[in-house]
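Step one of this worksheet: look at the structure below.
Computed from a predicted structure; not experimentally measured.
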Amino acid sequence: FARIRIAVDKEKCISCGKCEQVCPLGNIQLKQGVPDWGKSCTHCMACICSCPKEAIEYGNSSKGKVRYLCSHVVSKEE
């Protein structure tokens with residue numbers, strides 16, 4: 001069983017911090033403007049679906065798929 005890794009396209013990422021804001025576990029921190037995941041990720045996909053530039057992917061599983069956001073997951077700015 002291979003573990004799927006979350007990847008960031010550094011050319012698409014605008015360092016907005018939405019992924020950091022919506023992570024329910026506080027597991028993401030921007031480091032030098034790029035999101036960095038800690039060890040507590042449950043792959044809830046809140047970060048992936050909140051990214052305004054679709055710069056975060058869950059391996060090939062999320063590529064080209066519609067992004068969505070549950071109504072109870074909102075950023076601190078909204």
Side-chain angles (χ1 to χ4, degrees):
F1 177 68
R3 182 159 171 85
I4 298 173
R5 300 204 34 105
I6 295 175
V8 178
D9 184 331
K10 294 177 184 176
E11 292 189 22
K12 287 183 179 181
C13 179
I14 58 172
S15 303
C16 67
K18 287 194 184 242
C19 54
E20 184 178 41
Q21 294 171 1
V22 300
C23 180
L25 299 175
N27 190 52
I28 304 171
Q29 293 181 358
L30 287 183
K31 291 187 178 175
Q32 298 179 339
V34 179
D36 182 58
W37 282 259
K39 297 183 182 202
S40 300
C41 182
T42 61
H43 300 99
C44 71
M45 297 182 55
C47 58
I48 293 170
C49 294
S50 297
C51 181
K53 297 296 182 179
E54 296 185 8
I56 304 171
E57 296 290 354
Y58 186 51
N60 289 323
S61 299
S62 62
K63 285 186 179 179
K65 295 196 175 154
V66 176
R67 310 294 168 121
Y68 65 93
L69 195 60
C70 296
S71 60
H72 67 278
V73 178
V74 294
S75 74
K76 294 175 186 174
E77 293 177 5
E78 296 177 327

Which donor-acceptor pairs under 3.5 Å do side chains of residues 8-17 form with protein atoms, sequence neighbours excluded?
unit_1: D9; atom_1: OD1; unit_2: E11; atom_2: N; d: 3.0
unit_1: D9; atom_1: OD1; unit_2: K12; atom_2: N; d: 3.4
unit_1: S15; atom_1: OG; unit_2: G33; atom_2: O; d: 2.5

Taking N27 for its side chain and S40 for its backbone only, find out whether a donor-acceptor pair lies under 3.5 Å. yes
Partner of V22 under side chain to side chain contact (heavy atoms under 4.5 Å, CB included), picked from C44, C49, S50, is S50
Identify the two heavy atoms, one from P35 and one from I28, that lie closest to each other, and give their separation to 0.1 Å.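 Heavy atoms of P35 and I28 come nearest at CB-CG2, 3.8 Å.
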Closest non-hydrogen atoms of I48 and E57, given as atom of the first, atom of the second and distance, are CD1-C, 4.2 Å
Nearest-0.5 Å distance, SG of residue C41 to OH of residue Y58: 7.5 Å
A side-chain contact here means heavy atoms from C-beta on lying under 4.5 Å apart; do C47 and W37 qualify?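 A side-chain contact exists here, since the closest heavy-atom pair is under 4.5 Å.
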Looking at side-chain heavy atoms only, is the closest gap between I56 and I6 below 4.5 Å? yes
Give me each pair satisfying salt bridge (Lys or Arg N to Asp or Glu O under 4.0 Å) with a member in residues 40-53, each pair once, sequence neighbours excluded. none
